[in-house]
Student: 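Let me give you the structure first, and then I'll get to my questions.
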Amino acid sequence: MQEMPKAYDPQSVEAPLYRMWMDKGYFRAKPDPDKTPFSIIMPPPNVTGELHLGHALTATVEDLLIRWHRMLGDPTLWLPGVDHAGIATQNVVEREIAKEGISRHDLGREKFLERVWQWVQKVRSRIVIQHMRLGVSCDWEREVFTMDEGPQLAVRTTFKRLFDEGLIYRGERITNWCPRCTTAISDLEVDHVETQGSLWYVKYPLLDDEGNPSADYIHVATTRPETIVADTAVAVNPNDDRWKHAIGKTALLPIIERHIPVIADEEVQPEFGTGAVKVTPGHDPTDFDIGQRHNLPIIVAMDAEAKMNEHAGPYNGIDRFETRKLIVADLEKLGLLEKREDHVSSIGHCSRCDTIVEPIVSKQWFVKMDPLAKPAIEVVRDGRIEIMPQRFERVYMHWMENIRDWCISRQLWWGHRIPVWYCNSGDMFACVEEPTECPKCKSKAIEQDPDVLDTWFSSALWPHSTLGWPNQTEDLRYWYPTSVLETGYDILFFWVARMIMMGLYNTGEVPFRHVYLHGLIRDDKGQKMTKSRGNVVDPLDLIEKFGTDAVRFTLATGGTPGNDFRLFDEKLEQGRNFANKIWNAARFFVQSAGEGRVQLPHDSHTAESRGDWPLEDRWIVSRTLSTAREVNRLLGEFQVNEAGRLLYDFFWSEYADWYVEMAKVRLRDGDNSPLPILAHVLQTSLRLLHPIMPFVTEAIWQHLRDHVDGLEEALIVAAYPTGEGANDPEAEENAALVMDVVRAIRNIRAERGVDAGRFVEAFVVSNGASATLEGARPVLESLARVRPLHFVADVSEAPSANVASAVLPEAQIVMPLAGLIDLAAERDKLSKQLADAEAQVSRLEGKLGNDDFRSKAPANVIAREEENLASTRSRAEALRTRLSELG
RNA sequence: GGGCGAUUAGCUCAGUUGGUUAGAGCGUCUCGCUUACACCGAGAAGGUCGAAGGUUCGAGUCCUUCAUCGCCCACCA
């Protein structure tokens with residue numbers, strides 16, 4: 001039997017308990033064909049570095065759900081994993097080797113990838129340790145990495161299927177190009193920032209019929225003058241009278257002096273700028289489309305790092321923004337710059353490195369999304385997948401319905417290599433296994449595409465690839481579709497939407513039933529936590545400082561699903577204090593139990609079986625039942641925060657503040673009858689709390705087993721209370737009255753300045769509730785520190801001079817407090833209360849006198865209001881009597 | 001240009017089928033005897049639930065408009 005220290009010490013408790021859970025194999029998934037499984041595939045953290053608070057939140061919520069279901073007896077699988085995070089990891093490792101003064105090109109592809117793998121090994125183990133510190137009860141034996149063989153096979157199989165069905169294609173398209181990462185990125189990887197910039201008005205000379213520059217100009221407006229060198233046309237709206245005369249003519253491109261046509265295209269908005277637009281199909285998405293329609297040549301005037309190339313004439317080799325300055329100056333010199341205006345526009349930045357993205361035409365691989373999106377829309381519409389909070393379903397729909405093709409090729413080294421080979425005959429083909437020859441011409445001169453896939457491609461397959469797909473494994477059959485996906489709303493499109501599409505495409509089934517989206521965790525000022533701001537908080541630091549349970553409790557209850565929330569020390573202190581409260585409430589029990597063993601009450605399920613128990617016992621047992629029921633309901637609705645709050649309130653404000661104090665009254669008299677009830681409520685609370693606060697509850701559980709019979713060997717596998725059994729409304733009502741009386745007396749004592757320790761005389765006037773109150777005499781005397789305590793049936797039996805009083809709906813308190821009475825204050829207080837009561841009475845009279853209310857409101861509401869009116873009336877009456885006695 | 005969210009006590013936030021006199025934590029003010037806990041206990045003060053309309057017997061909760069802040073989506077040069 002071990003002593004419990006005075007304060008809960010997370011540091012000394014957490015690691016041994018986690019080891020115990022692991023050693024006993026409690027985390028291991030055990031399928032049972034007769035039961036409905038509950039499964040979660042953990043969102044794999046990136047191997048870019050440490051876990052952040054978003055991961056901690058995901059881990060908390062998922063662990064909570066898993067522990068809850070495990071205790072309910074459901075077969076549970078929680079499968080952990082790690083993501084190779086292509087571009088992000090490559091960037092991190094590039095920065096690492098830059099410290100040694102080398103670039104990836106110095107190393108070469110193979111050596112560089114070796115360095116990445118070294119990095120991965122290091123970071124993976126840290127992520128695992130961090131997760132363990134958070135108390136996650138996932139099945140570690142099943143941990144998967146996105147670059148493992150299984151996911152590799154799934155990636156290549158999926159690619160080949162899509163390729164063979166024509167849903168993957170390769171084409172020269174305009175894509176977002178990051179000149180720093182030197183790769184194409186998808187639309188989603190571009191962050192748009194409203195930026196104050198300039199709009200330059202430039203005059204292009206029009207050529208006359210002989211092909212010589214005329215005095216006539218066409219005026220264009222541009223925000224990116226450096227792209228002038230790649231213009232292949234000028235476009236105007238066909239209905240624009242100002243420019244009708246120019247359509248079909250030829251303009252002379254300044255500086256480059258190329259002849260370009262003036263064309264008409266509906267896309268051009270006459271209201272903007274001059275109504276004439278320079279067309280640069282190689283460097284602008286809209287212009288690319290116009291170019292396609294008019295068969296314009298495409299000129300790309302920049303290299304991979306966005307330096308101007310040979311197409312840029314005098315600017316060859318110069319950076320794009322430097323070129324912008326130079327060309328503006330040159331145009332001015334030529335007299336072709338008409339004016340400059342301030343102009344705000346939205347500039348795309350690489351979400352990985354914040355470099356300004358350049359739209360550039362290049363050869364890339366794309367997935368045709370429309371056919372994949374349709375079924376994905378369907379499953380959310382018909383409820384096969386539920387997204388919470390529900391408002392995100394609209395966001396999802398909007399994106400799906402306007403979906404654009406997905407650029408999946410990346411000019412990177414780290415990632416899944418595109419499984420396409422080119423034959424020197426000009427053929428290309430996709431393969432699952434590495435081929436040795438071209439399937440068509442049998443040539444051995446084949447070469448694999450050098451590019452890798454967008455990291456989200458493998459992520460999209462995660463729920464089924466981790467379970468063995470494309471093999472039809474037992475795991476896949478049993479655990480798929482998974483139950484819940486928990487992640488941040490910021491990756492709804494990146495990940496959730498794509499998992500739904502690819503899951504349906506590959507398996508014909510949804511990947512998960514429920515999507516639970518959490519908000520962003522912000523700092524105390526509401527700012528996003530970013531490395532550049534330096535306000536990123538490491539979950540481990542918080543765990544060291546407050547304990548894991550405190551962090552989990554705070555994350556789980558501190559906010560609402562889908563909404564951002566601020567995290568700061570005061571919030572975590574609340575969690576820490578709660579853990580300590582639980583610890584000490586248990587400590588009180590353990591001390592009270594002493595050497596003896598306590599039996600749990602063997603029949604507490606029906607109100608009758610508890611009929612002759614003391615009021616406070618009946619009350620707390622009844623309240624425990626409702627709490628258990630409510631917690632299960634809330635968890636079932638994923639209202640994790642409300643479940644946590646409810647448990648907090650129940651445990652602290654009802655069990656600890658009231659029941660334990662009431663139990664002390666009997667215990668002090670040497671009556672040990674509260675012990676079974678204390679044990680019962682305590683162990684039930686521990687079960688209920690365990691999913692949210694696994695460590696403190698398990699630690700206490702192990703202590704409790706020394707004192708209480710019939711407890712399972714470990715709380716993590718103990719049964720979860722569901723609250724079956726009958727409540728005892730009568731006991732709840734009577735206990736409420738007792739507590740009200742105690743509170744009223746305490747209030748008088750405090751207001752009149754009665755010494756805290758002093759016992760004083762009190763009269764409780766009550767008719768209907770006298771038996772209840774008489775039964776609670778020891779509790780009242782002790783908790784309110786009143787003695788002698790008189791129960792009388794009528795106010796006339798209580799003294800009226802020099803008294804302080806309080807009027808409750810079912811009782812009045814009269815306390816003779818010679819020397820402490822301030823008549824004016826007393827009158828004031830009672831008058832105010834009377835005014836409140838009278839206002840209440842007239843409000844209720846009005847309400848109940850309203851025929852509409854009587855005929856339309858439900859009966860129980862009417863009955864309640866009637867009761868309310870009656871008791872408020874008698875309360876007002878009592879107050880008037882008291883006041884008149886005061887004179 | 002569309003869409004979404006937030007606006008509730010000094011601060012940070014709950015409040016999910018509309019139904020008693022709107023809650024919590026922190027902070028503030030009093031007081032602290034106790035078989036757990038000062039990471040505590042008792043008592044108190046503090047809110048016209050962003051504004052204006054509307055629906056309803058009844059609105060913090062539903063509808064409309066507006067304001068402020070924040071976010072997402074969008075190829076207007």
Side-chain angles (χ1 to χ4, degrees), chain A residues 4 6-8 174 192 199 220-224 227 235 267-269 271-274 276-280 284-289 343 345-346 359 389-392 394-395 398-399 402 489-490 492-493 519-520 524 526 546 550 557-560 562-566 568 570-571 573-574 576-592 637 639 641-642 645 648-649 653 656-657 660-661 664 667-668 743 746-751 753-759 782-783 785 836 839-840 843-844 847 850-858 860-861 864-865 867-868 872:
Chain A
M4 290 177 75
K6 191 170 170 178
Y8 173 57
I174 192 142
H192 295 274
L199 187 62
V220 301
T222 179
T223 54
R224 296 191 298 153
T227 63
E267 190 86 2
V268 180
Q269 309 291 314
E271 311 81 49
F272 190 93
T274 62
V277 57
K278 60 192 267 318
V279 182
T280 323
D284 184 275
T286 314
D287 295 5
F288 180 83
D289 290 344
H343 185 254
S345 62
S346 174
Q390 209 186 357
R391 67 182 133 92
F392 284 105
R394 285 187 59 192
V395 181
H398 182 257
W399 188 74
N402 298 284
Y489 65 72
D490 52 327
L492 177 60
F493 306 141
L520 262 51
D524 56 338
F546 300 100
T557 61
T560 334
N563 287 354
D564 295 355
F565 94 93
R566 301 184 191 194
F568 41 89
E570 285 78 3
K571 274 191 183 170
E573 280 166 11
Q574 187 188 3
R576 179 200 60 189
N577 295 352
F578 185 39
N580 191 243
K581 190 74 192 181
I582 302 168
W583 180 262
N584 271 289
R587 196 162 157 262
F588 169 76
F589 168 78
V590 164
Q591 285 178 10
S592 306
E637 292 171 7
Q639 293 200 59
N641 56 332
E642 286 302 303
R645 259 175 239 278
Y648 179 94
D649 288 341
S653 326
D657 283 351
V660 169
E661 293 306 315
K664 281 178 186 173
L667 290 170
R668 254 195 301 263
R743 263 190 287 258
R746 283 170 173 174
N747 175 293
I748 291 173
R749 297 176 59 110
E751 300 220 312
V754 179
D755 287 344
R758 204 176 120 207
F759 276 87
S782 172
L783 298 195
R785 287 189 100 66
D836 283 351
Q840 171 86 334
R843 196 181 62 83
L844 287 169
K847 198 170 185 180
N850 183 335
D851 288 342
D852 279 333
F853 176 71
R854 289 222 170 254
S855 60
K856 289 176 182 164
N860 64 320
V861 172
R864 198 177 52 216
E865 296 293 41
E867 253 173 63
N868 206 345
T872 312

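Being a predicted model, the structure only gives us computed values, none of them experimental. To find a chain, count down the sequence lines: A is the first, B the second, and so on, and within it residues start at 1.
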Student: Answer yes or no for Lys664(A) and Phe588(A): cation-pi contact, defined as NZ/CZ to six-membered ring centre under 6.0 Å and angle to ring axis within 45°.
Tutor: yes
Student: Within the structure shown, what part of the strands sits under 4.0 Å from Phe568(A) by heavy-atom distance: base, sugar-phosphate, or nothing?
Tutor: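 Sugar-phosphate: the residue Phe568(A), judged by heavy atoms under 4.0 Å, touches backbone atoms but no base.
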Student: What does Arg224(A) touch in the nucleic acid at a heavy-atom separation under 4.0 angstrom: a base, only the sugar-phosphate, or nothing?
Tutor: nothing
Student: Rounding to an integer number of angstrom, what distance separates U55(B) and U64(B) when you compare their P atoms?
Tutor: 15 Å
Student: Taking the side chain of Gln574(A) as its heavy atoms from C-beta onward, which of G25(B), U16(B), C33(B) lies nearest to it?
Tutor: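 In terms of side-chain proximity for Gln574(A), the closest of G25(B), U16(B), C33(B) is G25(B).
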Student: Can you tell me the distance, in whole Å, between the NZ atom of Lys856(A) and the P atom of G18(B)?
Tutor: 17 Å
Student: Just compare C37(B), A77(B), G19(B) and give me whichever is closest to any side-chain atom of Gln269(A).
Tutor: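 For the Gln269(A) side chain, the nearest candidate turns out to be A77(B).
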Student: Between C31(B), U20(B), C37(B), which nucleotide gets closest to the side-chain atoms of Arg587(A)?
Tutor: C37(B)
Student: Can you say whether a donor on the side chain of Lys6(A) sits under 3.5 Å from an acceptor on the base of C37(B), or the other way round?
Tutor: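 Per atom types, no contact qualifies.
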Student: Test for a donor-acceptor pair under 3.5 Å between the base of C57(B) and the side chain of Arg854(A), counting only N and O atoms.
Tutor: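 There is none.
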Student: Do the side chain of Glu661(A) and the base of A36(B) come within less than 3.5 angstrom through a donor-acceptor pair of N or O atoms?
Tutor: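 Pair found.
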Student: The side chain of Lys847(A) lies closest to which of these nucleotides: G25(B), G19(B), A36(B)?
Tutor: G19(B)
Student: Under 4.0 Å, counting only non-hydrogen atoms across every strand here, what does Val590(A) touch: a base, just sugar-phosphate, or nothing?
Tutor: nothing
